[in-house]
Amino acid sequence: ASMSSNEDLTISSDCRLCGADGLRPVLDYGETPLANALLPSAKPTAAERTYPLSLVFCPNCSLIQIRETIRSEILFSNYPYFSSNSPSFVAAARDLAHKLIRTKDLDGTSLVVEAASNDGYLLQHYVAKGIPVLGIEPAANVAAAADARGVRTRVAFFGLETARTIVGETGKAKVFHANNVLAHVPSLHSFVAGVAHLLQPDGVAIFEVPYAGTFVAKCEFDTVYHEHLCYFSLTALVRLMAMNGLQVIDVEHLPTHGGSLRVFAAHPEREKVDDHVTKLLLAEEESGLISADRLADFGDRAQVIAARLKELITSLRAKGKSVAAYGASAKGATLLNFARIGAELIDFVADRSPAKRGKLMPGAHLPIVGPDALYERGPDFAVLLAWNFLEEILEQQKAYTLAGGRFIVPIPAPRIVDRV
C-alpha cells in the first residue's frame with residue numbers, strides 16, 4: 001500500500017473497507033480548504049491551509065470514498081455544528097427515541113449510548129423518560145452543551161478502546177446510536193467492532209448514513225469534504241457489519257441530508273432479517289448503482305452543475321441583480337470552491353448559527369451574517385447552499401420570499417424556486 005503523509009494528512013491507495021487496491025478516480029476537487037474551517041474576518045488568508053481532496057470508488061466492495069484522511073483532532077476537537085439548530089432534526093430524533101423505548105421495552109435499567117452525540121439533541125429524549133444514557137462526543141465545546149442539558153457525555157472518539165472502557169465502567173448497552181458519524185470515521189473496523197462489543201446480546205445498533213444511492217443519482221458532489229470519508233451503499237454496509245460480527249436486520253430510507261439510510265444491526269441470528277434488506281440489496285445490484293460505469297459520469301455531471309450555477313449567477317449580476325447565499329454549511333463551502341464562486345459574485349451568506357456569524361466562508365471568503373439579513377438587505381436572489389433543508393428554510397424565510405426574494409437551488413440542477 002502506498003501511503004503519503006505529513007502529520008495532518010494521510011493519503012492512501014487502499015480501500016477503507018476491504019483493503020483492496022485499484023481504487024478508481026471519480027472526481028478530483030484539487031487543493032481545497034477544510035469545509036468547516038471558518039475564517040476570522042480580519043486576516044483571513046494568513047491562516048488558511050488547503051489539502052488535496054479526491055473522490056474514488058472501490059470496484060471490489062463498491063465503497064465510494066475519499067483518499068485523504070485529515071487527523072481527526074484537527075477536524076472535530078472544536079466543531080461549529082450544533083444539531084439542535086435544526087428543529088426537524090430534533091423532532092426526528094425524538095420520534096426515533098420513542099419508537100425504541102417502545103420496541104425494546106427500555107426502562108431505568110437499560111443503557112442507551114450514542115457516538116458523536118453532539119449537543120444531546122437525541123439522548124435528551126431518553127433522559128426525559130428516565131432512561132440512563134451516555135453520549136460520546138469528541139468536540140469539547142459541543143459536549144459541554146449536552147452536559148448542560150442533563151445528557152451525561154464523555155469527551156472522546158468512539159472505537160474499540162472506548163467501548164471496552166465503557167463496558168468496564170457501566171456495562172453493556174441495550175441501544176446504540178450512530179447518527180451521521182460512520183462516514184466520518186477513519187478506522188471503520190475499530191468503530192463497528194466497538195459497537196458489537198458494547199451491545200448486549202439482545203441489543204440493537206442504529207446507524208444513519210447519507211446514502212450513496214441518492215448521492216450518485218442526484219450527483220450530490222457538494223457533500224464531499226474532508227470530514228466525509230465514506231459514502232455507503234447498503235451492500236457496503238452489510239459487508240462492514242458482517243466483518244465485525246454484526247448483522248443488518250432492517251433498513252429505512254430517510255429524506256435527511258439529501259437522502260440517508262437508517263440501518264438496524266444486531267448480533268447475528270438474534271433477530272430475523274427484514275425483507276427491506278434483501279430487496280434493497282437486490283435493487284442496488286440490478287440498477288448497477290455502484291458500478292464503475294455509473295460513477296464514471298458523476299464527475300462530468302458535477303462539472304456541468306458547477307458551470308451552470310456560475311453562469312446563472314454571473315448572468316443575474318450582469319443584469320444588475322444582487323445575489324446572496326443562505327446556509328454557511330460545509331457543503332456550501334465545497335460547492336462555492338469547486339465552482340470557483342467567490343465574493344465577486346455573492347455579497348454575503350446568511351446563517352442561523354450564532355457561532356458562525358462575523359466569520360468568513362473558507363476559500364470563497366464570503367462574510368457570514370445572521371438569518372434576518374435576507375429580509376433586511378433584500379438581495380434579489382439567494383443561493384440555497386443548505387439545499388437539504390429546502391422546506392424548512394423556505395418556511396423560516398417567508399418574509400424574504402413574500403417581499404419578492406427568490407432562492408436558487410443548486411442540486412441536482414441549478415433552478416430558481418418561486419415561493420411555495
Side-chain angles (χ1 to χ4, degrees), residues 27 29-33 35 37-39 41-42 44-45 48 50 218-225 300-353 356-390 393-394 396-420:
L27 186 56
Y29 290 78
E31 286 279 331
T32 164
L38 305 178
L39 299 162
S41 306
T45 41
E48 191 155 48
T50 60
K218 291 192 177 165
C219 196
E220 296 173 349
F221 69 92
D222 61 335
T223 59
V224 177
Y225 35 94
D300 300 336
R301 285 155 65 206
Q303 304 281 5
V304 169
I305 294 169
R308 278 195 191 149
L309 180 65
K310 189 167 187 176
E311 277 160 25
L312 174 60
I313 299 170
T314 307
S315 71
L316 290 170
R317 291 298 296 240
K319 291 177 190 147
K321 302 291 186 194
S322 53
V323 184
Y326 188 91
S329 56
K331 53 158 54 79
T334 294
L335 182 68
L336 296 171
N337 291 329
F338 184 75
R340 300 201 171 4
I341 294 170
E344 74 293 347
L345 289 174
I346 293 184
D347 298 328
F348 62 86
V349 181
D351 193 276
R352 278 189 78 179
S353 167
K356 296 180 180 182
R357 259 166 248 167
K359 300 201 168 111
L360 300 177
M361 292 281 283
H365 298 176
L366 306 180
I368 303 169
V369 297
D372 300 337
L374 289 188
Y375 177 67
E376 287 164 4
R377 292 161 71 169
D380 299 309
F381 293 89
V383 181
L384 186 53
L385 297 175
W387 51 260
N388 50 320
F389 291 117
L390 175 64
I393 290 164
L394 285 174
Q396 284 165 19
Q397 291 291 334
K398 255 199 178 125
Y400 169 64
T401 52
L402 286 169
R406 298 165 83 188
F407 280 106
I408 297 170
V409 178
I411 305 284
R415 64 190 198 279
I416 294 170
V417 176
D418 287 305
R419 62 171 173 266
V420 186

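Just so it is clear, the values below take in all heavy atoms, side chains as well, and ignore hydrogens, waters and symmetry mates. Note that the structure is a prediction, hence the values are computed from the model and not measured.
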Backbone N or O of Pro379 within a donor-acceptor pair of the Tyr400 side chain at under 3.5 Å? yes
How far does CD1 of Ile393 sit from CG of Leu374, to the nearest 0.5 angstrom? 9.5 Å
Lys321 (side chain) donor-acceptor with Phe381 (main chain) under 3.5 angstrom: no
For Arg340, does its backbone N or O pair with a side-chain atom of Lys310 as donor and acceptor, under 3.5 Å? yes
Does a side-chain heavy-atom distance below 4.5 Å link Gln303 with Leu27? yes
Taking the side chain as C-beta and beyond, is there a heavy-atom pair between Ile305 and Cys219 under 4.5 Å? yes
Spatial distance of atom CZ (Arg308) from atom CD1 (Ile313) [nearest 0.5 Å]: 14.5 Å
Between OG1 of Thr401 and CD of Gln396, what distance do you get to the nearest 0.5 Å? 11.5 Å
Nearest 0.5 Å, what's the CD1-OG distance between Ile368 and Ser41? 8.5 Å
Are the side chains of Leu309 and Ile408 in contact, using a 4.5 Å heavy-atom criterion? yes
Hey, does the side chain of Glu48 reach the backbone of Ala37 with a donor-acceptor pair shorter than 3.5 angstrom? no
Between Arg317 and Leu345 (side chain of the first, backbone of the second, donor and acceptor by atom type, cut-off under 3.5 Å), is there such a pair? yes
Rounded to the nearest 0.5 Å, how far does CG of Asn388 lie from OG1 of Thr223? 9.0 Å
Taking C-beta and beyond as the side chain, do Leu384 and Leu390 meet within less than 4.5 Å on heavy atoms? yes
Any side-chain hydrogen bond (donor to acceptor under 3.5 Å, both in side chains) pairs touching residues 373-386, not counting sequence neighbours? Ser322-Asp380
Phe407 vs Tyr326 aromatic rings, parallel, tilted or perpendicular, using cut-offs 30° and 60°? perpendicular
Less than 4.5 Å apart, side chain to side chain, heavy atoms only: is that true for Met361 and Leu385? yes
Any donor-acceptor pair under 3.5 Å from Asn337 side chain to Pro362 backbone: yes
Got a sec: does the CZ of Arg357 have more than 12 other heavy atoms crowding it under 6.0 Å? yes
Taking side chain as C-beta onward, heavy atoms only, is Val224 less than 4.5 Å from Phe338? no
